[in-house]
Amino acid sequence: MSTGTEVPVSPLGVAVPTKFLDPSSFMVWSANALLSFDISPEVRRSGNRSNGGPSGGRFSGGPRHRSIYKPPPPPPPGSGSLLEPRRRIGFGDREFSDNCSESRYFMGTEETRKDMDIDSWCLDLSYDQWVPLPVSGQRPSARYKHAAAVVDDKLYIIGGSRNGRYLSDVQAFDFKSLTWSSVRLKMEPQIGNWSPENLLSTSGHTTITWGNKLLLIGGHSKHDSDSMPVHHVLVVRFIDLESLQCGIVETSGKAPAARGGHSASLVGSKLIVFGGEDKKRRLLNDVHILELETMSWELLEATQTTPAPRFDHTAAVHGDRYLVVFGGCSHSIFFCDLHVLDLQTKEWSQPEIPGDMISPRAGHAAVTIGESWYVVGGGDNKSGCSETLMLNMPKLVWSTLTTVKERDPLASEGLSVCSALIAGEIYLVAFGGYNGKYQNEIFFMRPKPRNSSRPKIFQSPAAAAAAASVTAAYALAKSEKLDFFETEEPIKLVVNKKDVSVELDAVREDKKVMELSLTEARQENSRLREKIEEVNNTHAELSKELLSVQGQLASERSRCFKLEAQIAELQKVLESFHSIESEVEVLRKQKSALEQDMEHAAAATRQGSGGLLSWLSGAPRSS
């Protein structure tokens, strides 16, 4: 090996610019040794994003180089070598040994690694499909409403809840060895008599990666009392992954009220907290910003229509400007709405979202990869949401990537999902949750690459080197005013056949993926045509019913017109009754007068007849 400056070289023998290196590690074989380019843990950690994190992807100073001598050839089977497989573990359509230890020489010293490198099988996973991860050894307690973050090659699980009990442990899953381990923490001395178990026994909290620390924001705990430091405001805890110390971050400014079930999103050095539920179960919809450089709080007073108070929702930031909030619930309603907060104008909006119909949910988990926002799980206290959703954030269009069974662990509330960079590719990692049963399984998904502005062949190191050669040759010819067609010796472009074959394989793979996508699109179109035909048939039947109802309505209208005419005639008759009543009254008076005259006449007649009878009888007349 040359003793001069080492230049990164790809497996194809092409010089690779630094920007094409894997952000976590890059290994290539040279003639005599294996070159390993390893980014420092500080740079990798600060570049990791799990529910937010400092923007990464760029690093200064270039990779660190170290030389690893080739290991000697493995001994034959049966000689007791650590490389001899003992048992096969199935994973989808692949198998690998649970004894994948290897022996190598590092800087002249033999180093034995009992790691199981998942690079060998994770690249063969199907796109947009969840796969359970085989885990050896003891697993952590099943839980939900925990916090999760990926740092370097490990998934960290902090706290959570199980059977009404708050958990305080910190568990780490190693992606290399596929094993769990418990992280033992030490408490900062200024906390007093508090132990890490008391400080971290929390659920409904969120976490972000900041530098070499995990910041835990808020959450509910049985220790929420006056004895807890700053118990009435939102507590920010920290875990130092280097010193393994934990404690409480001292903040200033107007701190928000203590809460759980909120969201915490990172924009640069600003942490944006929205919503949640306080200790008295009051629902919140306020927005607070924590400046992580100064650890000072600020209340963001937004205008326009604010989202309804909610908790157990998710939020993400797009373009370092827009805060997108999805789902969640109140104490009686589950939401499926999506709200956008413009962090510059401080205005809320609720855009209309095209795409697949989305069911209401709360307790789901979400993570952003590029311009895609992946949403997993959740539920409505009746059933879990089995579909994995993706939101195209620039276009604000929903799509369903895959669907699991109804009682699948991924159709749970209170689960977590993170993104992990493995072998230069980003994967989704889900853990935990509750769907009638507490879960502690790990699931992997390989999301299909999206939002690519140019074909993959033009993004490879070999093609980039070839394009750079052509550009340089053209620039040289132009500067020296050379005519390509008049030169005695034509310019020859040397192309490595291996490079071309690799690129052709990549193009064929892309073609297969596109053909599969086309087949899926055709099936979806066929399904949509059937639905459209069904809707058209239903529409035709409803149209017939509508015409029938319209005919009945017309007949009812004519009947109403007739009734109105009869009512008008009756009203006229009623008006004539008044004159008839006056005539009847006159007749009554005449009748009464006639009856009086007849009574007087009858009385006179009776008086006359009485005198005549007396005279006839000889009775003396009274004087």
Side-chain angles (χ1 to χ4, degrees), residues 23-24 38-56 59 64 140 146-160 166-177 179-203 205-219 221 223 228-230 233-252 255 264-266 268-271 273 290-297 416 418-421 429 431:
S24 62
D38 188 15
I39 310 306
S40 63
E42 292 77 15
V43 176
R44 289 201 305 268
R45 186 175 297 119
S46 62
N48 178 270
R49 286 180 179 267
S50 175
N51 297 333
S55 179
F59 43 86
R64 297 185 304 176
H146 53 277
V150 172
V151 181
D152 294 338
D153 296 325
K154 291 185 178 181
L155 168 69
Y156 291 90
I157 303 297
I158 305 103
Y166 294 97
L167 305 179
S168 61
D169 57 336
V170 179
Q171 303 289 335
F173 180 77
D174 194 318
F175 292 132
K176 293 295 182 181
S177 62
T179 56
W180 284 99
S181 62
S182 180
V183 180
R184 303 297 180 184
L185 300 176
K186 298 175 290 185
M187 180 68 69
E188 278 198 335
Q190 60 265 31
I191 303 300
N193 295 327
W194 282 85
S195 64
E197 289 74 17
N198 292 335
L199 186 65
L200 301 178
S201 59
T202 310
S203 71
H205 51 302
T206 57
T207 182
I208 64 164
T209 306
W210 184 250
N212 62 343
K213 294 181 175 65
L214 294 178
L215 298 184
L216 311 178
I217 299 93
S221 174
H223 300 291
M228 178 68 184
V230 291
V233 298
L234 190 65
V235 177
V236 179
R237 304 167 176 87
F238 74 88
I239 297 176
D240 192 317
L241 297 178
E242 292 183 354
S243 64
L244 297 183
Q245 280 193 335
C246 63
I248 296 178
V249 178
E250 294 184 3
T251 60
S252 60
S265 308
L266 196 63
S269 63
K270 298 182 183 296
L271 182 67
V273 175
L290 176 63
E291 174 55 60
L292 298 179
E293 298 290 349
T294 60
M295 289 298 171
S296 59
W297 285 103
S416 63
C418 302
S419 61
L421 182 64
V429 185
F431 173 79

Could you go through V273 and L290, starting from their C-alpha distance and side-chain angles, then the distance that decides it, and tell me whether this counts as side-chain contact (heavy atoms from CB on, under 4.5 Å)? CA-CA 8 Å; V273 175; L290 176 63; 5.9 Å; no
After noting the C-alpha distance and the side-chain angles of L292 and I208, does the key distance pass the side-chain contact (heavy atoms from CB on, under 4.5 Å) rule? CA-CA 11 Å; L292 298 179; I208 64 164; 3.9 Å; yes
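- A ring-centre distance under 6.0 Å is not found for Y156 and W180.
- For the atom pair S221 OG and Y166 OH, the distance stands at 6.5 Å (nearest 0.5 Å).
- Between L216 and V236, the closest side-chain pair of non-hydrogen atoms is not below 4.5 Å.
- Rounded to the nearest 0.5 angstrom, L244 CG and E242 CD are separated by 9.5 Å.
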Quick one: do L167 and I158 satisfy side-chain contact (heavy atoms from CB on, under 4.5 Å)? Show the steps, please. CA-CA 8 Å; L167 305 179; I158 305 103; over 6 Å; no
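- The closest side-chain heavy-atom distance from L155 to C418 is below 4.5 Å.
- Inter-residue side-chain proximity for R237 and V235 is flagged as met; some heavy-atom pair is nearer than 4.5 Å.
- Remark: S243 pairs with D240, Q245 by the side-chain contact (heavy atoms from CB on, under 4.5 Å) rule, at least two apart or across chains.
- Evaluation of the side chain to side chain donor-acceptor pair (under 3.5 Å) rule for S181 yields no partner, not counting sequence neighbours.
- Two residues are said to be in side-chain contact when any heavy atoms from C-beta on lie closer than 4.5 Å; V233 and W297 fail this criterion.
- Residues F173 and V429 fail the side-chain proximity criterion, which asks for heavy atoms closer than 4.5 Å.
- Within the 4.5 Å cutoff, the side chain of I239 has no heavy atoms near those of the L215 side chain.
- A search for salt bridge (Lys or Arg N to Asp or Glu O under 4.0 Å) contacts involving K154 returns nothing, not counting sequence neighbours.
- Closest non-hydrogen pair, A420 versus F175, comes out as CB-CE1, 3.8 Å.
- Between L234 and G218, the shortest heavy-atom distance links the atoms CD1-CA, 3.3 Å.
- Note that the OG1 atom of T207 and the CZ atom of F238 stand 13.0 Å from one another [nearest 0.5 Å].
- With sequence neighbours left out, the side chain to side chain donor-acceptor pair (under 3.5 Å) criterion links T202 to no other residue.
- Closest approach of A264 and L271 over heavy atoms only: CB-CD1, 3.9 Å.
- The side chain to side chain donor-acceptor pair (under 3.5 Å) check on H146 picks up S416, with sequence neighbours excluded.
- Residues passing the side chain to side chain donor-acceptor pair (under 3.5 Å) test with S182, sequence neighbours excluded: none.
- Proximity of C246 to M187: side-chain heavy atoms (C-beta onward) are separated by under 4.5 Å at one or more points.
- Residues G268 and W210 come closest through the heavy atom pair O-CZ3, 3.7 Å.
- In this structure, the side chains of L200 and L185 come closer than 4.5 Å at one or more pairs of heavy atoms.
- E291 pairs in a side chain to side chain donor-acceptor pair (under 3.5 Å) with only one of the listed residues (S269, S252, S296), which is S269.
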